[in-house]
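In what follows, a structure is listed as structure tokens, so that the remarks can point back to it.
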Amino acid sequence: MSAADLDAGLAEIRTALVDADVATPVADALITRVRVDALTQELVGGLGVGERLLAIVHSALTETLGGTARELDLRERPATILLLGLQGAGKTTTAAKLAQWFAREGRRPLLVAADPRRPAAAEQLALLGAAVNIPVHREPLGTPVAEIGRRAIAAAKRLGLDLVILDSSGRTTLDDDLLTELRELRAATQPRERLLVLDAATGQQALRVAEGFAEAVEPTGAILAKLDGDARGGAALTVAGGAGIPVVFIGTGERSDALERFHPDRIARRILDMGDLDTLAELVQQRGVAKQGASPELNEERIKRGDLTFDDLLAQLRQMATLGPIGQVVKMIPGMGGMAAQAEAAAASGEFGRAEAIILSMTPAERRDPALLSMARRRRIAGGAGRALEEVNRLVKRLEEMRLLMRRSSGVDPSRLMAGGGALRGKHAGGHQRPKETQREKKARRKGKRR
Ligand code: GDP
Ligand code: MG
């Protein structure tokens with residue numbers, strides 16, 4: 001891959017990041033870093049270069065996200081967690097989730113309604129607390145937040161509770177009154193953990209929100225609520241990479257048990273999957289390989305291990321089509337001589353063309369990893385190829401059988417296993433490739449499929 005190819009690839013990745021709601025300054029910093037890594041790791045050459053570039057992006061994302069999941073510091077008795085965030089971000093819901101989470105770990109939590117002005121807020125927390133069997137502390141309307149905080153902690157001590165979770169008030173926009181209130185609440189309660197709750201769908205605004213709160217309360221971590229549905233997770237990168245606040249939990253639904261520990265590598269994957277980056281890997285790879293004149297679809301190392309993919313099968317099908325009488329090819333495959341007649345019949349009946357249509361209806365990830373092919377996916381593929389579900393099932397089964405066969409006959413030259421040897425493949429490579437979809441076309445097609 002040349003420097004120009006690399007930059008084209010990086011531009012593609014940047015678009016994918018911004019599409020996934022990563023704030024642009026954060027995306028730019030990441031790209032710069034990936035570029036340096038790619039250059040220092042001498043990411044040039046052909047085979048596997050796309051995958052390696054993706055691996056570099058993935059590890060840069062993971063590292064920016066904090067590397068590993070962080071444990072909260074709750075050693076104090078009672079330990080105190082202050083939740084902060086804009087109105088509607090998910091603070092109250094998250095307060096109940098955390099209470100339930102830590103109750104299951106053996107803690108005895110107290111939920112505190114620390115919004116001195118909105119009775120509805122305290123009411124909501126009281127309901128959520130009751131639903132998960134956690135006591136809720138409330139004070140009369142108008143009690144200053146510092147006072148609410150102090151009294152709540154005293155109450156926790158009196159009741160023998162060892163975890164105080166403060167649900168603070170929020171505004172639709174950050175204003176000085178709110179920040180002053182949060183400063184007072186912090187001073188009065190000295191919470192070791194100050195967790196910023198963010199709506200994962202906040203998008204590009206997440207950075208501004210995080211920075212706004214950071215100045216007043218120095219959050220020790222962030223919780224990304226509403227990371228279910230359409231949210232793309234880029235906000236996690238934005239807060240971690242842009243504001244330096246590590247994400248510690250994610251909210252994945254409205255119910256009180258819809259809370260998960262944050263795993264940087266998983267979110268990195270999710271962010272990468274949202275873009276067309278797997279396609280990018282293939283594109284980069286094919287470009288690199290085209291220059292070398294080899295066939296992009298055949299990875300002999302992999303096949304040697306018996307990890308035959310639909311990409312390989314597709315390559316094989318296309319080769320067979322150009323190699324003349326199918327029987328000759330099949331006869332070269334050890335143990336398959338007896339199947340030659342059968343294969344010829346299959347070719348004559350158009351079965352190979354149908355198999356090709358089915359494979360072409362798979363996403364690149366599915367072609368690489370047949371294990372992904374759940375029933376739902378198979379149904380979608382059948383629909384896309386205009387074939388019956390059973391036909392898709394048969395093809396998947398056939399691939400599995402071929403994999404098994406190859407594992408059994410290890411030690412055999414894999415190029416012979418494929419379809420008649422490297423020389424033949426070299427001669428025919430590239431001569432029968434379909435025009436490649438553009439990124440835009442592919443994206444549109446996938447978006448359509450996701451619905
Ligand atoms: P607050 O104003 O910050 O206290 O926000 P709330 O806790 O009242 O949440 C606002 C809305 O978001 C409510 O309708 C919640 O049910 C919803 N919500 C909170 N967390 C999640 C989540 O993780 N997933 C989904 N789907 N909805 C959530
Ligand atoms: Mg609330």
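All ligand and atom numbering here is 1-based and tracks the order in the structure. All of these numbers come straight from a predicted model, not from anything done at the bench.
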Would you give the length of the straight line joining atom [atom1] of [X] to atom [atom2] of [Y], rounded to the nearest 0.5 angstrom?
{"X": "Leu10", "Y": "Leu30", "atom1": "CG", "atom2": "CG", "value": "11.0 Å"}
{"X": "Lys226", "Y": "Asp199", "atom1": "NZ", "atom2": "CG", "value": "4.0 Å"}
{"X": "Ile381", "Y": "Phe310", "atom1": "CD1", "atom2": "CZ", "value": "7.5 Å"}
{"X": "Leu141", "Y": "Arg118", "atom1": "CG", "atom2": "CZ", "value": "11.0 Å"}

- Query: Identify the closest protein heavy atom to atom 6 (P) of ligand 1: which residue and atom is it, and at what distance?
  - Reply: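 Of every protein heavy atom, Thr93 OG1, 3.5 Å lies nearest to atom 6 (P) of ligand 1.
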
- Shortest protein heavy-atom distance from atom 2 (O) of ligand 1, along with the residue and atom involved: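 For atom 2 (O) of ligand 1, the nearest protein heavy atom comes out as Gly88 N, 2.6 Å.
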
- Short side-chain donor-acceptor distance under 3.5 Å, Thr92 and Asp167: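 Per modelled atom types, Asp167 and Thr92 side chains form a pair under 3.5 Å.
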
- Thr93 and Glu254: side chain donor to acceptor below 3.5 Å: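 Looking only at side-chain atoms, Glu254 and Thr93 do not form any donor-acceptor pair under 3.5 Å.
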
Check this for me - ligand 1, [X], N or O atoms closer than 3.5 angstrom, yes or no?
{"X": "Glu254", "answer": "yes"}
{"X": "Gly90", "answer": "yes"}
{"X": "Gln124", "answer": "yes"}

- Task: Decide yes or no on salt bridge (Lys or Arg N to Asp or Glu O under 4.0 Å) for Arg368 and Asp311, but give the supporting numbers first.
- Result: CA-CA 6 Å; Arg368 273 198 304 271; Asp311 281 328; 5.4 Å; no

Heavy atom of [X], distance to ligand 1 below 4.0 Å:
{"X": "Gly170", "value": "no"}
{"X": "Leu86", "value": "yes"}
{"X": "Gly85", "value": "no"}
{"X": "Val197", "value": "no"}

- Message: Taking 2.8 Å as the limit, list every protein N, O or S atom around the Mg ion (ligand 2), by chain and residue number.
- Response: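 Per the 2.8 Å query on the Mg ion (ligand 2), atoms found are Thr92 OG1.
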
- Query: Backbone, side chain, both or neither: what part of Lys97 comes under 4.0 angstrom of ligand 1, heavy atoms only?
  - Reply: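 Under 4.0 Å from ligand 1, Lys97 contributes side-chain atoms alone.
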
- Message: For Asp228, which part has a heavy atom under 4.0 Å from ligand 1: side chain, backbone, both, or neither?
- Response: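 Only the side chain of Asp228 comes within reach of ligand 1.
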
- Query: Out of Gly253, Ala225, Gly251, whose heavy atom sits nearest atom 22 (C) of ligand 1?
  - Reply: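 Looking at heavy atoms only, Gly253 sits closest to atom 22 (C) of ligand 1.
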
- Task: Could you name the option among Lys226, Gln87, Arg171 that has the heavy atom nearest to atom 21 (C) of ligand 1?
- Result: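 The residue whose heavy atom sits nearest atom 21 (C) of ligand 1 is Lys226.
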
Residues [X], [Y]: salt bridge by 4.0 Å N-O rule:
{"X": "Glu218", "Y": "Arg183", "answer": "no"}
{"X": "Glu401", "Y": "Arg394", "answer": "no"}
{"X": "Arg208", "Y": "Glu211", "answer": "no"}
{"X": "Asp162", "Y": "Arg108", "answer": "no"}

- Report the residues that fulfil side chain to side chain contact (heavy atoms under 4.5 Å, CB included) with Arg192, sequence neighbours left out, ordered by chain and then residue number.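 If we apply the side chain to side chain contact (heavy atoms under 4.5 Å, CB included) test to Arg192, skipping adjacent residues, the hits are Asp73, Arg75, Glu76.
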
- Just do the side-chain hydrogen bond (donor to acceptor under 3.5 Å, both in side chains) check on Asp265 and Thr62 with the steps written out, would you? CA-CA 5 Å; Asp265 54 332; Thr62 306; over 6 Å; no

- In terms of atom number and element, which parts of ligand 1 are under 4.0 angstrom from non-hydrogen atoms of Thr252?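 Counting from 1, the qualifying ligand atoms are 23 (O).
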
